[in-house]
Each structure stands twice: as structure tokens, then as C-alpha cells.
There are 2 protein chains.
Amino acid sequence: MAGKNISDLIERYLKEILAENDQIEIRRSEIAGLFDVVPSQINYVINTRFTIQNGYIVESKRGGGGYIRIEKANLLDDGEVLDALISGIGNRLSQRDGQTIVKTLYENGLIDRREANIILAVVDKNAYDVDNDLTEVMRANVLVSILNHLRYEK
Amino acid sequence: MAGKNISDLIERYLKEILAENDQIEIRRSEIAGLFDVVPSQINYVINTRFTIQNGYIVESKRGGGGYIRIEKANLLDDGEVLDALISGIGNRLSQRDGQTIVKTLYENGLIDRREANIILAVVDKNAYDVDNDLTEVMRANVLVSILNHLRYEK
DNA sequence: ATAATAATAGTCAATATTAGTCAAAGATTG
DNA sequence: CAATCTTTGACTAATATTGACTATTATTAT
């Protein structure tokens with residue numbers, strides 16, 4: 001629990017700031033310098049400790065003036081439904097199963113009609129111009145991405 | 001929101017003026033001088049931030065009395081907005097351009113915040129678990145599929 | 001009129017400045 | 001000891017900045 005390793009210290013440092021601001025913007029190299037680690041360790045900390053499951057949204061930009069921004073997500077209380085749906089999706093997903101999931105989301109009040117229609121477009125077999133095997137893989141991935149975004153609102 | 005590089009500052013400056021006038025006419029070298037950058041950086045800003053996907057139309061003239069004019073595109077109905085956006089998408093689409101499109105959809109009232117959030121999930125770089133080339137192709141396909149669906153709902 | 005010159009903007013590629021990925025090596029834990 | 005987590009760094013990718021060169025239009029000189 002304490003902070004035996006540097007990643008934990010970096011995590012704690014960032015979370016202390018986030019306790020007072022609901023968003024921070026860092027320069028990766030600065031934080032790395034502060035803790036005397038290689039810059040990519042900051043990515044490691046973010047990928048392991050600031051995920052959406054942990055309640056954080058991370059955005060970044062490269063190039064001059066680049067940054068990494070960490071934001072506290074405003075989590076909704078449908079997390080468990082979403083967890084269940086996500087774990088039910090494997091590596092691939094048929095159009096039919098996708099439609100079933102959309103229906104479940106709608107019936108549980110997680111999305112309205114218009115939102116359902118958008119997601120149905122994503123699940124549609126014509127949305128991917130590749131062979132069926134790859135389509136099923138892509139469909140699974142994209143739908144999971146959507147479900148994860150339904151965890152919070154901006 | 002981001003604004004630690006000069007291009008962002010120039011963008012913001014121009015958009016502040018455009019918030020009150022629906023068109024502006026600048027002398028490239030003047031703006032460059034104002035921000036102390038080389039003139040061609042103004043082209044960079046325009047090409048990356050004032051495209052049709054962003055909802056702007058740009059015209060210019062060289063020679064004495066030359067100018068660059070930036071105009072807010074005044075698209076009449078939703079169908080026209082969708083046509084313009086779709087025509088700007090080729091076979092591939094970067095995350096950045098995808099985000100720009102979502103923003104334009106929102107600003108034109110075609111989608112609300114929650115819907116924007118869903119489409120952002122589709123456009124997110126983590127939504128496709130394949131190499132970047134294929135991701136860009138898939139992203140273009142799926143987003144076009146969504147845009148076409150937006151035509152027939154309401 | 002025509003040609004030369006000045007006054008603009010456009011293009012493109014080199015360089016600079018960031019962040020991201022990935023896998024190997026090392027450390028910790030059970 | 002095996003599994004997992006952390007640390008490191010070489011390589012990659014995205015974005016921004018710069019400047020040399022080009023293209024277009026207007027003005028001036030002949």
C-alpha cells in the first residue's frame with residue numbers, strides 16, 4: 001500500500017494533485033525528470049493506474065507544446081452492467097449478438113433510441129469493408145470501446 | 001483547450017474574431033509578425049485548424065493587396081453538413097480528424113453530448129486492436145457508416 | 001502595351017519537440 | 001522457482017516550427 005516502488009510514488013504524486021484539481025496537464029519529460037526515471041515509465045504508470053476502470057480519462061498530444069492530460073471521470077452507476085456485457089464479448093462478435101447488446105442497453109435505460117441507432121450503425125455488417133472474420137473482430141473491439149465510454153459522461 | 005504552442009494561440013486568436021464576425025480577412029505576414037513566426041506557419045494553422053471539416057471555408061489571393069479570408073461555412077441543412085463531412089473523409093481517417101468531425105457535428109446540432117461521446121469512442125485510437133494503417137481505414141469506414149445513419153433519423 | 005519589379009501567398013521538405021510502443025532485463029512476490 | 005510487476009532504453013509516431021524556393025497578382029517603368 002505504501003510506495004515501495006517509484007511507480008507508486010508517481011501515482012501518489014499525481015493523485016494528490018488530482019485531489020484538488022479535477023484535471024492535470026503534465027509534460028511527460030518533466031515528471032520523468034522529477035522522479036529521475038525514463039519518460040516511458042510515465043506511460044507505464046498511466047496505463048496501469050489511470051485507466052477508465054480506475055475512473056480516469058487520459059488524453060495527450062505530441063509535438064511542440066505536447067502534454068498528457070489526466071482527468072477524473074464522472075462515473076455513472078452502470079458500471080456493473082457494462083462489465084458484464086464487456087466480459088460477454090470475446091475477441092469477435094456477430095452482428096446479431098451486437099444487436100442483442102444494443103437492445104439490452106436500451107432496455108436497461110443506458111441509452112436512448114437515437115444512441116441505439118448510432119451504435120447499430122457501428123454493429124452493422126456494412127460498416128466494415130473487410131472480410132467477415134476481420135469484421136467480427138473489429139466489431140467486438142469497437143463495441144467494447146463504446147461500452148467503456150458509456151461508463152462516464154463528460 | 002490545449003494552448004501551449006503558438007499554433008494553438010494563433011488558432012484561438014482567429015476564432016475569437018470569428019466568434020463576432022462571420023468572416024475575417026487577414027494579411028498573412030501581419031499575423032505572422034504579431035506572433036513572431038514565419039509566414040508559412042499561418043498556412044500550417046489554416047490547413048490543420050480551419051478545414052471544411054472544422055466548418056470553415058478559406059479563400060486567398062496573392063500579390064499586392066493579397067489576403068487570406070476565413071469564413072464560417074454556412075451549411076443550410078443537416079444533409080449538407082453530412083455531405084461535406086463525408087466528402088472530406090477518404091479511405092482513411094486519423095483520430096484527430098475524426099475528433100474534429102465529431103466536434104463539428106456537435107456544433108451544428110446534429111448530435112448531443114452523449115451521442116458525441118459515443119462517436120468519440122468509435123474514433124478513439126484504442127477502439128481497434130490492429131496496426132495503425134488498418135485502424136485508419138476501419139475508422140473511416142465506421143464513421144461514414146454512422147454519418148449515413150444520421151441522415152435518416154431525427 | 002510590355003517588361004520589369006514589388007508584394008503578396010503557397011508548397012515542401014528539413015528539423016525540432018514532444019509522446020507512444022514494445023520487448024528485454026531486473027525486481028518482487030507467492 | 002514461476003509468475004507478475006517494474007524499470008529501462010531503442011525505436012517509432014505525431015505535431016509544430018522554420019526557411020528556401022515557387023506561384024500569382026499588382027504596380028511601375030520603358
Side-chain angles (χ1 to χ4, degrees), chain A residues 1-14 24-51 54 57-71, chain B residues 1-14 24-51 54 57-71 92-100 123-136 139:
Chain A
M1 238 204 237
K4 295 220 60 88
N5 62 65
I6 300 182
S7 288
D8 288 341
L9 293 180
I10 297 170
E11 174 188 10
R12 191 195 307 167
Y13 172 80
L14 296 174
I24 50 174
E25 211 170 277
I26 62 173
R27 289 252 307 292
R28 188 178 73 154
S29 59
E30 251 178 33
I31 303 298
L34 206 53
F35 289 89
D36 196 32
V37 297
V38 297
S40 61
Q41 181 152 0
I42 306 306
N43 296 90
Y44 174 73
V45 172
I46 284 172
N47 291 331
T48 54
R49 293 150 162 89
F50 291 88
T51 64
N54 282 310
I57 299 167
V58 179
E59 286 168 352
S60 63
K61 198 163 86 162
R62 307 186 195 185
Y67 59 83
I68 299 176
R69 182 167 51 228
I70 308 175
E71 223 179 313
Chain B
M1 274 242 191
K4 191 52 198 99
N5 64 66
I6 299 181
S7 290
D8 286 343
L9 295 179
I10 297 170
E11 172 190 10
R12 193 189 309 164
Y13 173 79
L14 296 174
I24 50 173
E25 212 169 278
I26 62 173
R27 284 243 318 288
R28 188 178 73 153
S29 58
E30 245 178 40
I31 304 297
L34 204 54
F35 289 90
D36 196 31
V37 297
V38 297
S40 61
Q41 181 152 0
I42 306 307
N43 296 90
Y44 174 74
V45 171
I46 285 172
N47 291 331
T48 54
R49 292 149 163 91
F50 291 89
T51 65
N54 274 294
I57 294 167
V58 178
E59 287 165 353
S60 64
K61 199 167 78 164
R62 308 186 194 186
Y67 59 82
I68 299 176
R69 180 168 53 227
I70 307 175
E71 226 180 311
R92 29 189 23 252
L93 184 71
S94 69
Q95 175 171 13
R96 197 187 199 211
D97 288 346
Q99 288 168 339
T100 296
V123 150
D124 194 285
K125 66 179 184 305
N126 299 123
Y128 308 84
D129 193 23
V130 292
D131 67 75
N132 198 255
D133 274 2
L134 185 52
T135 292
E136 293 215 337
R139 181 155 43 218

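We name chains A, B, ... by the order of the sequence lines, and we start the count at 1 in each one. Note that the coordinates shown come from a computational prediction; the quantities given were computed from them, not determined experimentally.
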How about A/Asn54 and A/Thr51: does a side-chain donor come under 3.5 Å of a side-chain acceptor?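 Looking only at side-chain atoms, A/Thr51 and A/Asn54 do form a donor-acceptor pair, the distance falling under 3.5 Å.
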
Going by atom types only, do B/Asn132 and B/Thr135 share a side-chain donor-acceptor pair under 3.5 Å?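 There is no such pair between these side chains.
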
Measuring to OP1 and OP2 of [N], would you say a side-chain N or O of [X] lies under 4.0 angstrom away?
X        : N      : result
B/Asn132 : D/dA14 : yes
A/Lys4   : C/dT29 : no
B/Ser29  : C/dA7  : no
B/Ser60  : C/dG10 : yes

Interatomic spacing from CZ in B/Arg28 to CD1 in B/Ile68 - rounded to 0.5 Å: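 Rounded to the nearest 0.5 Å, the CZ-CD1 separation comes out at 6.5 Å.
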
Could you tell me the separation between the [atom1] atom of [X] and the [atom2] atom of [N], rounded to a whole number of Å?
X       : N      : atom1 : atom2 : answer
A/Gln41 : C/dA27 : CD    : C1'   : 12 Å
B/Gln99 : D/dT15 : CD    : C1'   : 14 Å
A/Tyr44 : C/dA23 : OH    : P     : 16 Å
B/Glu59 : D/dT24 : CD    : C1'   : 16 Å
B/Gln95 : D/dA14 : CD    : P     : 10 Å
A/Asp8  : D/dT4  : CG    : P     : 19 Å
A/Asn47 : D/dC5  : CG    : P     : 14 Å
B/Leu9  : D/dA16 : CG    : C1'   : 12 Å

Sole residue of A/Arg12, A/Arg49, A/Gln41 in side-chain hydrogen bond (donor to acceptor under 3.5 Å, both in side chains) with A/Ser7: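 With A/Ser7 as partner, side-chain hydrogen bond (donor to acceptor under 3.5 Å, both in side chains) holds for just one option, A/Gln41.
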
Could you pick out which residue, B/Lys125 or B/Arg27, lies toward the 5' side of DNA chain C when each is mapped onto its nearest nucleotide?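 Its nucleotide being nearer the 5' end, the pick is B/Arg27.
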
Side chain of [X] only, heavy atoms from C-beta on: which candidate in [options] is closest?
X       : options               : answer
A/Ile68 : C/dA9, D/dT7, C/dA19  : C/dA19
A/Arg62 : D/dG9, C/dT18, D/dA26 : C/dT18
A/Arg49 : C/dA19, D/dT15, D/dT6 : D/dT6
B/Ile6  : C/dA9, D/dT17, D/dG9  : D/dT17

Have a look at B/Gly64 and say if it touches a base, only the backbone sugar-phosphate, or nothing, with a 4.0 Å heavy-atom cut-off.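 Here B/Gly64 touches the bases of the nucleic acid.
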
Within the 4.0 Å heavy-atom criterion, would you say B/Arg69 contacts the bases, only the backbone, or no part of the nucleic acid?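 B/Arg69: no heavy atom of the nucleic acid under 4.0 Å.
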
If you assign each of B/Thr48 and A/Asp36 to its closest nucleotide in DNA chain D, which residue comes earlier from the 5' end?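 Here A/Asp36 is the residue nearer the 5' end.
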
Most 5' of B/Glu136 and B/Val37 on DNA chain D, judged by nearest nucleotide: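 Counting from the 5' end, the first nearest nucleotide belongs to B/Glu136.
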
Donor-acceptor check, side chain of A/Arg69 to backbone of A/Glu25, threshold 3.5 angstrom: yes or no?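 Pair absent, no side-chain N/O of A/Arg69 close to backbone of A/Glu25.
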
Given 3.5 Å as the limit, does a donor-acceptor pair link the side chain of B/Asn47 with the main chain of B/Asn43, or not?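 At least one qualifying donor-acceptor pair exists.
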
Suppose we call a contact any N or O donor and acceptor under 3.5 Å apart; does that hold for the side chain of B/Arg28 and the base of C/dG10?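 Donor-acceptor pair under 3.5 Å: yes.
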
Side chain of A/Ser40, base of D/dG9: donor and acceptor closer than 3.5 Å?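 Checked by distance alone, the answer is yes.
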
